Every structure is written in C-alpha cells, then in structure tokens.
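Working notes for the structure below.
From a predicted model like this one, the values you see are computed outputs, not experimental measurements.
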Amino acid sequence: MNNPQTAQPATPQAAGNIRWFYLVLAVLLMCMISGVQYSWTLYANPVKDALGVSLAAVQTAFTLSQVIQAGSQPGGGYFVDKFGPKIPLMFGGAMVLVGWSLMGQVSSIPALYALYTLAGAGVGIVYGIAMNTANRWFPDKRGLASGFTAAGYGLGVLPFLPLISSVLRVDGVGPAFMYTGLIMGILIIAIAFFIRFPGEQKGIKKVIVPTEKDFNSNEMLKTPQFWILWTAFFSVNFGGLLLVANSVPYGRSLGLAAGVLTIGVSIQNLFNGGCRPFWGFVSDKIGRYKTMSVVFGINAIVLWCFPYVAKVSEVAFIAMLALAFFTWGGSYALFPSTNSDIFGTAYSARNYGFFWAAKAIASIFGGGLGAAVATNFGWNTAFMITGITSFIAFALATFVIPRMGRPKKKVKAEAVQVAH
C-alpha cells in the first residue's frame, strides 16, 4: 500500500484502501465541529442567566453563527479548490479554537456574537473541506460517503455531552467552553497535516481540469435546478434548526427535568447523525429525489404533530425528537451528494457553500426569531410553521425537481465570419 503521506493515485478508483483513510479523517473533522452547533442547546440557558438577557437575545448568537457558516463556505471553498485543503483547514481550526474557547469569558452580548460568529466561520470552512474530501474520494459511493461524513457532524457531539453537562454543573460556563474549544481546535489543526484530495502528492496541488459536467459557481447560480434545490434545502431546515437551538428550552417549558433533557439531547443527536449514512445509502439505491420525497414528507408530519404528542409524557417528548432528527438529518447526506451529481466536483467546495446559505437563512427562524415566535405566539404556532415549510420541501422534491432534468450550460454565441 502506498504511504498516504507521500503519494496518491491519479484517480479515486485506483486508490484502494487509502481512500478510507481520508474518509475517516473527514468524519473526525466533522466530529470536531459538531459541538459548535449541537451542544449549544445546553449552553443557551446558562449563558442567558450569566448575562442577564432574554432567551431570544442569546439565541440570536446561534443565528449569527449559522449565517457566517454559509458566508465562509464559498470564500473558503474558493481557496480549497485552488490550493488544496491543508492551509484553509488550519485557519478554520484556529477560528474554532479561539472563538469557542473564549465564549465563556464574555460579559456582553456583542462579545458573545463576535466570538460565536468567529467559531461559526471556522466551522463553515472545516465542514466544506470534510464534505468535499468524502465526495472526491468516493464518486462511486457518493451518497454513502456523504452520509458517513455528515454523520460525524450529527454524532460527534455525543462524547462531549457528558463532559459539557458535568463541567457546566460543577465549574460553570467558562471552563465548559474552554475545555471543548481547545480539544476541537487542536485536533482540527493536527488533521490538516494529513488530509489530501485525490491525485495530490505531499506539497503538490493537483491541477483541476473541469469537464463539461462541471459548473462553476456563476454557471450554477444561473440554473433553475440550483434555486429549486436551494429552496427545498432552506424549507426543510426550518424545523430542524428550531429544535437544534430550542429543544432544551422547549422541554423546560413542558416542565421536564434536567436529566430527561440531557437524555433527549443525546437521543436527538444519535438519530440525527445515525440516519445520515442510512439515507445516503438509500439514495444511492433508489435515487436522491425519491429519498428526499420520503424523508421530507415524514418530517413534515412529525413537526406538525410535535407539540401535541411531545407534551403527553417524557417518553413521547424523546420519541418525537428522535423522529424529527432522523428525518431532518438525512438532508445533510442528500444535498452534498446531489450538488456533486448535478454540478460536478471541480468546483464542489465553493458550490456547496451556496447551498449552505439556505441553512444559514433558515437558522434565522431556528434561533432568535423562533424563540421570539414561541414566546409571543406559543410553541404550537412555531411548530406549525415548520411543518408547512417541510411540506414545501416534500412537494418540490416530489413534483418539481424530478421533472426538471439535468441543467445545461449556456453557451455564448460567437460571431461567425463568412468568407467573401
């Protein structure tokens, strides 16, 4: 076997077992950034109490972090596509380390916003690199590879949850942020020294030769296929992000004990991450759009029913969390692979950044706005809105997207000289 540090095969198909090494690195990267999003629900109330502000003000930090994740992906993706993953990954890891580690030391809302957006920018860069590592090494199993990588993002927080809960209870917010931030940032930077894309050698960047199937970002943004897919991604993210940011505050509103809520967060992340390889595998077998139709349809039903069923008992609350995240999480295996299927891999890092903007905009509802709607109009109204948006995603995936066909590049007409 070739040393993965020094030489790479020209194509993924010729890589043998080496490419699994890089898939493992991609999954580890996702594990290291998972907590920036999925552990936030544990921090929200302690941060609110420490700063003496409203829940909506604190959850706006979550929204800003999600928005900057989208903003950092196309820019970071440009440098990744051009120069390779190593240096951008080191910068992303440093942003996560500094931003997350220092969040527990803040004494004002603006400082919280600034540091959470810094960590979020790093997450966007790291996420794009990890997902593109999987997609480029596994063109023949793109859904499955995307699913495993996305599973790292959903499941990676699980080992941190007992640590975070314990440190929050004993030492408070500051140490909880500091310990986890150091672990995540240092490991991301370490992985940067090992990760490669297909065809690269140590210190040598492979020159990308786009094919007729590769759309650059400008070309992609001019296709109706992108905007319909973008709208579906945006729509299905409403409900998932509302629960990511507010599952613990919502559980508190039902009078559930802290222990039940900790179990609920663990279960939601287990199902959120665990479903991604499953749905990715299914999409490799039956197609991306059919899988989207199934996933988004079930998700719409679950979110519509959520506030009526969850209040019945502790078990019902946890079961509804599991169902909601099992269906919502599948979107993170389906859209990266669809991006590469439809628009190629030559510019996939920056292209997926534009898809990610859909998640960022949806997070506006999931974070501060969602909390404000729940405070002023009730949780039933908030969940009703998310059920409607997931139904829109289902309708697009079922009735619109499959009928559109593959996009075609627009070829500029050239003047033809006629000999006289």
Any heavy-atom pair between the side chains of [Y] and [X] that's under 4.5 Å?
X    : Y    : result
I125 : L89  : no
L155 : L270 : yes
I361 : F234 : yes
Y289 : T338 : yes
R276 : F148 : no
L29  : I195 : yes
N339 : L229 : no
L64  : I68  : no

Is the cationic atom of R136 (NZ for Lys, CZ for Arg) positioned less than 6.0 Å from the six-membered ring centroid of F197 and within 45 degrees of its normal?
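Checked: cation-pi criterion met.
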Return yes if some donor-acceptor pair links the side-chain N/O of [X] with the main-chain N/O of [Y] below 3.5 Å, else return no.
X    : Y    : value
W279 : V295 : no
T133 : I129 : yes
S34  : M30  : no
S146 : G143 : no
N246 : P249 : no
W137 : R196 : yes
S348 : T345 : yes
Q225 : I342 : no

Please confirm whether the ring centroid of [X] lies under 6.0 Å from the ring centroid of [Y].
X    : Y    : answer
W100 : Y116 : yes
F138 : W20  : yes
Y22  : F194 : no
F394 : F391 : yes
W230 : F233 : no

N-O pairing of [X] and [Y] below 4.0 Å:
X    : Y    : answer
D140 : R19  : yes
K141 : D284 : no
D214 : K409 : no

Closest heavy-atom contact between [X] and [Y]?
X    : Y    : result
A397 : M292 : CB-CB, 3.6 Å
F296 : S331 : CE2-CB, 4.1 Å
L168 : L42  : CD1-O, 3.8 Å
G273 : P277 : O-CD, 3.4 Å
S217 : N351 : OG-OD1, 2.7 Å
A232 : A393 : O-CB, 3.5 Å

Is it the case that the side chains of [Y] and [X] hold a donor-acceptor pair, with the cut-off being a distance below 3.5 Å and no angle test?
X    : Y    : value
S337 : N135 : no
R288 : S283 : yes
T398 : S293 : yes

From [X] [atom1] over to [Y] [atom2], what is the distance, rounded to the nearest 0.5 angstrom?
X    : Y    : atom1 : atom2 : answer
T327 : F271 : OG1   : CZ    : 11.0 Å
I186 : I191 : CD1   : CD1   : 12.5 Å
M32  : L97  : CE    : CG    : 12.5 Å

Sorted by chain and residue number, the ring-ring contact (aromatic ring centres under 6.0 Å, His included) partners of F343 (sequence neighbours excluded) come out as F215
If you look only at distance, which donor and acceptor atoms sit under 3.5 Å apart when one is on a side chain in residues 306-323 and the other is two or more places apart or in another chain?
| unit_1 | atom_1 | unit_2 | atom_2 | d |
| --- | --- | --- | --- | --- |
| S313 | OG | A316 | N | 3.1 |

Please list all pairs meeting salt bridge (Lys or Arg N to Asp or Glu O under 4.0 Å) that have one or both residues in residues 372-394, counting only residues at least two apart or in different chains.
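Non-adjacent pairs meeting salt bridge (Lys or Arg N to Asp or Glu O under 4.0 Å): zero.
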Might you work through the side-chain contact (heavy atoms from CB on, under 4.5 Å) test for F160 and I183, ending with a clear yes or no?
CA-CA 10 Å; F160 289 96; I183 293 170; 4.0 Å; yes
Among pairs that include at least one residue of residues 84-93, which meet side-chain hydrogen bond (donor to acceptor under 3.5 Å, both in side chains), considering only residues two or more places apart or in two chains?
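Those involving residues 84-93 do not exist here.
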By side-chain contact (heavy atoms from CB on, under 4.5 Å) - contacts of [X] (at least two apart):
X    : value
P224 : M404
A190 : none
T375 : none
Q69  : Q37, S65, Q66, V123, Y153, W356, K359

Go through the steps for Y38 and N272 under the test side chain to side chain donor-acceptor pair (under 3.5 Å), then give the verdict.
CA-CA 10 Å; Y38 291 115; N272 181 27; 3.1 Å; yes
Under the side-chain contact (heavy atoms from CB on, under 4.5 Å) rule, what do L158 and S266 come out as? Steps first, then yes or no, please.
CA-CA 6 Å; L158 290 178; S266 298; 4.3 Å; yes
Check the surroundings of atom NZ in K290: do more than 12 heavy atoms from other residues, nucleotides or ligands lie under 6.0 Å from it?
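For K290, atom NZ is not crowded (no more than 12 foreign heavy atoms under 6.0 Å).
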So F83 and F79, would you call those rings parallel, tilted or perpendicular, with 30° and 60° as cut-offs?
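F83 vs F79 ring planes: parallel.
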Could I get the full list of side chain to side chain donor-acceptor pair (under 3.5 Å) partners for [X], not counting sequence neighbours?
X    : result
W40  : Q59
Y332 : N237
T149 : none

Please evaluate residues T63 and L369 with respect to the criterion side-chain contact (heavy atoms from CB on, under 4.5 Å), reporting the C-alpha separation (whole Å), side-chain torsions for both, the decisive distance (0.1 Å), and the verdict.
CA-CA 9 Å; T63 298; L369 181 58; over 6 Å; no
Should V244 and T41 be marked as a side-chain contact (heavy atoms from CB on, under 4.5 Å) after you check the CA-CA gap, both sets of side-chain angles, and the distance that decides it?
CA-CA 7 Å; V244 167; T41 192; over 6 Å; no
Let me have the donor-acceptor pairs involving side chains of residues 378-387, under 3.5 Å, with sequence neighbours excluded, atom names and distances please.
| unit_1 | atom_1 | unit_2 | atom_2 | d |
| --- | --- | --- | --- | --- |
| T381 | OG1 | F377 | O | 3.2 |
| T386 | OG1 | F383 | O | 2.7 |

